[in-house]
Amino acid sequence: MSTVLVTGGNGYIGSHTVIELDKSGYDVVIADNLANSKMEVQNRLEKICGKRFRFYNVDCCDIDAMRKVFNENKIDSVIHFAGLKAVGESVRIPLDYYQNNIDSMITVARLMAEYNVRNLVFSSSATVYGMSEDVPFTEESPLGVCTNPYGWTKWMLEQILRDYAKANPDVRVCLLRYFNPVGAHESGLIGEDPRGIPNNLFPYISKVAGGTLECLTVFGDDYPTRDGTCIRDYIHVCDLAQGHVKAIDYLCRTDESVSVFNLGTGDGTTVKEAIAAFEKACGHEIKHVFGPRRAGDIAVSFAKTDKAEKILGFKAKYDINDMCSSCWKWQTMNPKGLED
């Protein structure tokens, strides 16, 4: 059985990916320092999968602690999610983002080389396309000027991993550029559980719908779109997780040194449409107001997904209504999130 190390595996996307890897027959080891996640996720994963996964409470920047993970397990592949991820926070504390996100990936890559681990899937982002509005974005679209330190860490790490693969001909790297992950597992046991006030649209809508937050502010209603609000490519987190399984499968059979894939639906939803879909899911109005545009937001962003479908055999199957209904189930079952 092939073993996959999932760094940041207790997080939102990581935990859903653990489930899909397990369903596909992979053995999973999880490393997470719980900076943006909770230990309760392990209990929820056990309920869903019927097993307890090997878990290490370690910081991926700590090479000695991470070496223990590689020593105690025969790792075949790594999916690297670990890292700080809040755009606004990255603007306030940029040095923390550069140090943590870059150092954690370099530490993992050093240990992969030391232990002859060949396959790496890296959690990248559509933020690497910067402020370009030449949509849909393809994998060959120019990488733009990123608008925040978080985006720059993804851009820099993509280049670092290209150089790493070039210097190590046996290594296979897959860069997955996510668009906007939303939704939750069908069980309602795991979902997006941000600490404090949510930074992303759907967790915020969920908390307004559940009464935890009073009102949603929509940043701008005068964009050149069909209803004046920004358009984004939202992808169900379970689809996204399945994309990672497809990427691991692909790395096991390809000779390509570095491959890049967009993971999205190939379609866009406006903020107003997202609110309307959530109102349908929860059965009542979502209180919202319109505010000024937010600096750094572009009008339209969505993926061209032909390459992932052709090469990985990946195609998103859930639509915006599925995403909203699963968000609402998660919110109603876990109104205060998970226990610490």
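Excluded from the calculations below are hydrogen atoms, water molecules and symmetry mates; all remaining heavy atoms, backbone and side chain alike, are included. Note that the coordinates shown come from a computational prediction; the quantities given were computed from them, not determined experimentally.
The distance from atom CD of E309 to atom CZ of F314, rounded to the nearest 0.5 Å, is 9.5 Å. Summarising the geometry, atom CG belonging to L34 is positioned 8.5 Å from atom CD belonging to Q42; distances are rounded to the nearest 0.5 Å. Note that CG of D32 and OH of Y56 are 14.5 Å apart. Values are rounded to the nearest 0.5 Å. T153 OG1 to E158 CD: the interatomic distance, rounded to the nearest 0.5 Å, is 10.5 Å. The structure places OG of S141 at 10.0 Å from NZ of K304, a figure rounded to the nearest 0.5 Å. Residue S125 holds its OG atom at 10.5 Å from CG of N262, rounded to the nearest 0.5 Å.
For F81, the ring pair (Phe, Tyr, Trp, His ring centres under 6.0 Å) test picks out H244, with sequence neighbours left out. In this view, K166 satisfies the side-chain hydrogen bond (donor to acceptor under 3.5 Å, both in side chains) rule with no residue, not counting sequence neighbours. The salt bridge (charged side-chain N to carboxylate O under 4.0 Å, His left out) search around K38 returns D193, not counting sequence neighbours. Taking the side chain to side chain contact (heavy atoms under 4.5 Å, CB included) definition, one finds that A82 meets it with T7, C60, H80, sequence neighbours left out. For F290, the ring pair (Phe, Tyr, Trp, His ring centres under 6.0 Å) test picks out H288, with sequence neighbours left out. With sequence neighbours excluded, the residues satisfying side-chain hydrogen bond (donor to acceptor under 3.5 Å, both in side chains) with E114 are R67. With sequence neighbours excluded, the residues satisfying salt bridge (charged side-chain N to carboxylate O under 4.0 Å, His left out) with K23 are E20. Remark: E186 pairs with no residue by the side-chain hydrogen bond (donor to acceptor under 3.5 Å, both in side chains) rule, at least two apart or across chains. By the ring pair (Phe, Tyr, Trp, His ring centres under 6.0 Å) test, Y223 pairs with no residue at all, sequence neighbours left out. Applying the side chain to side chain contact (heavy atoms under 4.5 Å, CB included) test to D103 and every residue at least two apart in sequence or in another chain returns C61, T107.
Using a distance-only test at 3.5 Å, with no hydrogens or angles considered, a donor-acceptor pair links the side chain of H16 to the main chain of H185. Between the side chain of S124 and the backbone N or O of R177 there is no donor-acceptor pair closer than 3.5 Å. Remark: the backbone N or O of G188 is paired with a side-chain donor or acceptor of N334 at under 3.5 angstrom. H236 places no side-chain N or O within 3.5 Å of a backbone atom of A316 that could act as its donor or acceptor partner. Not a single donor-acceptor pair under 3.5 Å links the side chain of E46 to the backbone N or O of F53. Side chain of N148 to backbone of V87: no donor-acceptor contact under 3.5 angstrom is found. At least one donor-acceptor pair under 3.5 Å links the side chain of E279 to the backbone N or O of I286. A donor-acceptor pair is defined here as one N or O able to donate and one able to accept, closer than 3.5 Å; no such pair exists between the side chain of D170 and the backbone of R118. Judged by distance alone, with hydrogens and angles left aside, the side-chain atoms of D233 form a donor-acceptor pair with the main-chain N or O of G266 at under 3.5 Å. No side-chain donor-acceptor contact under 3.5 Å links T254 to the backbone of L251.
Checked by atom type, the side-chain pair Y150/E89 shows no donor-acceptor distance below 3.5 Å. Residues Y26 and D249 bring a donor and an acceptor atom of their side chains to less than 3.5 Å of each other. Judged purely by distance below 3.5 Å, without hydrogens or angles, the side chains of Q242 and D239 never pair a donor atom with an acceptor atom.
Cluster partners of V289 are absent, since no Ile, Leu, Val, Met, Phe, Trp or Tyr has side-chain heavy atoms less than 4.5 Å from it.
At a threshold of 4.0 Å, the pair E72-R54 does not count as salt-bridged, since none of the basic side-chain nitrogens sits closer than that to a carboxylate oxygen.
I235 is connected to Y178 through a chain of hydrophobic side-chain contacts under 4.5 Å among Ile, Leu, Val, Met, Phe, Trp and Tyr, so both are in one cluster. Cluster membership check: F179 does not share its hydrophobic cluster with V271, using side-chain heavy-atom separations under 4.5 Å among Ile, Leu, Val, Met, Phe, Trp and Tyr. The cluster map of Ile, Leu, Val, Met, Phe, Trp and Tyr, joined by side-chain heavy atoms under 4.5 Å apart, puts V78 and I13 in different clusters. Linking ILVMFWY residues whenever their side-chain heavy atoms come closer than 4.5 Å, directly or via other members, places I30 and V237 in the same cluster. M323 and Y12 fall into different hydrophobic clusters, defined by Ile, Leu, Val, Met, Phe, Trp and Tyr side-chain heavy atoms under 4.5 Å apart, directly or through other members.
The residue from V300, I275, D227 that alone fulfils the side chain to side chain contact (heavy atoms under 4.5 Å, CB included) condition with T270 is D227.
D297 has its side chain out of reach of T147: every pair of non-hydrogen atoms, C-beta onward, lies at least 4.5 Å apart. Taking the side chain as every heavy atom from C-beta outward, V28 and C49 never approach each other to under 4.5 Å. For the pair E139 and V260, the minimum side-chain heavy-atom distance is below 4.5 Å.
Between G268 and E273, the closest heavy-atom pair is O-OE1, 4.4 Å. In plain terms, the two heavy atoms of A165 and V258 that are nearest each other are CB-CG2, 3.6 Å. Listed here is the closest heavy atom pair of V58 and A65: CG1-CB, 3.9 Å. Residue G151 comes nearest to T127 through the heavy atom pair CA-OG1, 3.5 Å, listed as atom of the first residue, atom of the second, then distance. Minimum interatomic distance between T225 and A299 (heavy atoms only, all atoms of both residues): CG2-O, 3.9 Å.
Aromatic pair F202/Y234: centroids less than 6.0 angstrom apart.
Residues in residues 109-138 take part in these ring pair (Phe, Tyr, Trp, His ring centres under 6.0 Å) pairs, two or more places apart or across chains: F70-Y115, Y129-F137.
Remark: R110 CZ is loosely packed, at most 12 non-hydrogen atoms of other residues, nucleotides or ligands lying under 6.0 Å away.
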